[in-house]
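Note sheet for the following structure.
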Amino acid sequence: NNSWYFRNSLVRANYKNFEKNIFDDISYLEKFFYNLLSDTKYELKNRYTHIDYVQSVTSIDSKCKGCTLEEQAIINILKVNPAINQEEIAKQIMEDYKGKDIVFLCILKGSIFLTVELAKRIKNNIQFEFIEVSSYEGHESTGKIKLNKDISGVIEGKDIIIIEDIVDTGRTLSFLKEYLLDKQIASLKICTLLDKPSRRVMPIEVDYIGFEIENKFVVGYGLDDNQNYRNLNYVGYIEE
Ligand code: 5GP
């Protein structure tokens, strides 16, 4: 059972931290029990329906042989169950595109999870195209968009939905919208798993939003930190 294993690994990791920090930081004790309580809440609620934060901090030890990804990382878990909103978004897309084929334009690499999970829930015929752009260096947006891989198929005349992992400043999507203007596509909508509206620089309308989040650097569920953590099956934020 995944959640059981996961909870155990957190508890184990917390013990490790606890031992290390007890003499330095007595408040750790409070945190430790708070974590345990939160984890129990997590277990009971099980199918969480909205975002809230659990202060579960695992230890960082990248040299730890045989450690799981969770045990290596300092990651706070943003309690998001993407599956719940994916169901809703998939239903909405099927409503909006009745009888039509759709092209999912997956923005590599962060959107791979959302692209697959949404596609599995949609009954329309979906074609897949991929484009890779980047704008982040470390945890900072450079403000410049780099096109790393272009679309390989024909998208002229097609109904496109851009599948994005997270909308931050909005620069990537502005760039892509501009880029697609030349391609004579039939229609364009945008879907994102996460939205950080407080960071917006470019105004951008997003048609389907999984979750709005505050200004945290998040990882997991496709999102990376320097190419790591993409395969966490939840969204977490890195302790800055
Ligand atoms: P924007 O162009 O809207 O500023 O940023 C969009 C891209 O920046 C996203 O597709 C993603 O690659 C990256 N990004 C923005 N915020 C985050 C974040 O919190 N975590 C990660 N891993 N990437 C982010």
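As the structure lists them, so they are numbered: ligands from 1, and atoms in each ligand from 1.
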Legend entry - Contact check, side chains of Asp224 and Tyr229, non-hydrogen atoms, under 4.5 Å: no

Inset, instruction - Flag the pair Arg200 / Thr169 as yes when at least one side-chain heavy-atom distance between them is below 4.5 Å, and no otherwise. - result: no

Inset, instruction - Please work out which of Phe217, Tyr229, Tyr237 has its closest non-hydrogen atom nearest to atom 18 (C) of ligand 1. - result: Phe217

Any heavy atom of [X] closer to ligand 1 than 4.0 angstrom?
{"X": "Asp165", "value": "yes"}
{"X": "Arg199", "value": "no"}
{"X": "Gly110", "value": "no"}
{"X": "Val218", "value": "yes"}
{"X": "Met202", "value": "no"}

Under 3.5 Å side-chain donor-acceptor pair for [X] and [Y]:
{"X": "Lys109", "Y": "Gln227", "result": "yes"}
{"X": "Tyr208", "Y": "Asn85", "result": "no"}
{"X": "Asn148", "Y": "Ser134", "result": "yes"}

Inset, instruction - For residues 171-181, pull every pair meeting side chain to side chain donor-acceptor pair (under 3.5 Å), keeping only residues two or more places apart or in separate chains. - result: Asp150-Tyr179

Atoms of ligand 1 close to [X] [distance to a heavy atom under 4.0 angstrom, numbered from 1]:
{"X": "Lys216", "answer": "19 (O)"}
{"X": "Leu223", "answer": "21 (C), 22 (N), 23 (N)"}
{"X": "Glu164", "answer": "10 (O)"}
{"X": "Lys196", "answer": "16 (N), 17 (C), 18 (C), 19 (O)"}
{"X": "Asp224", "answer": "21 (C), 22 (N)"}

Inset, instruction - State whether Arg121 and Glu87 are salt-bridged, where the test is any N-O pair (Lys NZ or Arg NE/NH1/NH2 against Asp/Glu carboxylate O) under 4.0 Å. - result: yes

Enumerate donor-acceptor pairs with a distance under 3.5 Å from any side-chain N or O in residues 154-166 to protein atoms, sequence neighbours excluded.
from: Lys158; atom 1: NZ; to: Gln127; atom 2: OE1; distance (Å): 3.1
from: Lys158; atom 1: NZ; to: Val154; atom 2: O; distance (Å): 3.4
from: Asp159; atom 1: OD1; to: Ser187; atom 2: OG; distance (Å): 2.5

Inset, instruction - Before signing off on this row, confirm whether Val219 and ligand 1 have an N or O atom pair separated by under 3.5 Å. - result: no

